[in-house]
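Only one structure is covered here, and it is reproduced in the block below.
Numbers for residues simply follow the sequence, beginning at 1.
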Amino acid sequence: MTTVVRGREGRRRTPLASLSLPLLAVLLAGCGIRSTQVPTDFGPAPSRVPCAMSGPDITTQTSGGIPVQVFLLCSGQLVTVDRSVRIPDGTAEGARRVLVAQGLLDELAETPSTPEQQAGYTTDVRGGMTVSGPRRKDPEDALRLSTPPQDLTPAALAQIICTFSDSAAAQDDGSVILGGPDTAPLRRYECPTDVRANPTAKSPPSTTVSTA
């Protein structure tokens, strides 16, 4: 009888012992091995690279007119974006220069489109500013703003000068003769690389222009 009982006890313990190993493996797997398969959340990835739009702005494509480029601010630099200005056919050269300059000024003052804002574009040029042609004693290529250039922020002046210098509003060498509505002397401005790279700290270099 004693031998039989020990035999039955041994057979009863065998299934319990065999279950312990799978159970231990499951517990070990739940203690850290499976956690390495779950991706770590470091927050959402950036949706777009600064100053780079995913595609062309449809409103710019369909606006018509003469294709131009204006300089907006982005990541502390001046960056070109595509725009267009409308010039009536048959406009004389002198009047054409002024109309181009006014069109560029208006585009600079416009709030950047939604895709441009999402990419980080801004403008420091304020609306309501106008540009006119030369006065009687001014050089024929001179432009006069309704706001004195010295009253503009460095970034706004850099935007205007660099935009004008790359257009029909500039002289043949890319310089821009600009003045205000007052009697302050006209100045010849340029847009070098260091101004484009840091417009908030670097003012466009300029020299006084004689009107005598």
dist Ser84:OG -> Gln69:CD (nearest 0.5 Å) comes out at 12.0 Å
Quick check: is Leu157 connected to Val195 through a chain of hydrophobic side chains (ILVMFWY, heavy atoms under 4.5 Å apart)? no
Task: Donor-acceptor side-chain pairing of Thr114 and Gln117 below 3.5 angstrom - done: no
Any side-chain heavy-atom pair of Met129 and Ile160 under 4.5 Å: yes
>> Do Pro199 and Pro154 make a side-chain contact, defined as non-hydrogen atoms from C-beta onward lying under 4.5 Å apart?
In response: no
Quick one, Leu143 and Ile177 - any side-chain contact, counting heavy atoms below 4.5 Å? no
Close side-chain approach of Ser167 to Val68, heavy-atom, < 4.5 Å:
no
Residues passing the side-chain hydrogen bond (donor to acceptor under 3.5 Å, both in side chains) test with Arg144, sequence neighbours excluded, are Asp138
- Are Gln159 and Asp124 close enough that a side-chain donor and a side-chain acceptor fall under 3.5 Å? no
Can you tell whether the side chains of Glu110 and Arg126 come within less than 4.0 Å, N to carboxylate O? no
Exercise for the section: Report yes if some heavy atom in the side chain of Tyr121 is under 4.5 Å from a heavy atom in the side chain of Leu73; otherwise report no. Expected result: no
task: Find out if a path of hydrophobic residues (ILVMFWY) with successive side-chain heavy-atom gaps under 4.5 Å connects Phe71 to Leu152.
output: no
- Task: Flag yes if Ile161 and Val209 sit in one hydrophobic cluster, no otherwise; membership is Ile, Leu, Val, Met, Phe, Trp, Tyr, and two members link when side-chain heavy atoms are under 4.5 Å apart.
- Result: no
Do Thr208 and Arg187 have side-chain atoms, one donor and one acceptor, less than 3.5 Å apart?
yes
Requested in this report: For atom CZ of Arg96, decide whether the heavy atoms of other residues, nucleotides or ligands shown that lie under 6.0 angstrom number more than 12.
Outcome: no
If Ile, Leu, Val, Met, Phe, Trp and Tyr residues are connected whenever their side-chain heavy atoms lie under 4.5 Å apart, and connections chain through other members, are Leu186 and Leu145 in the same group? no
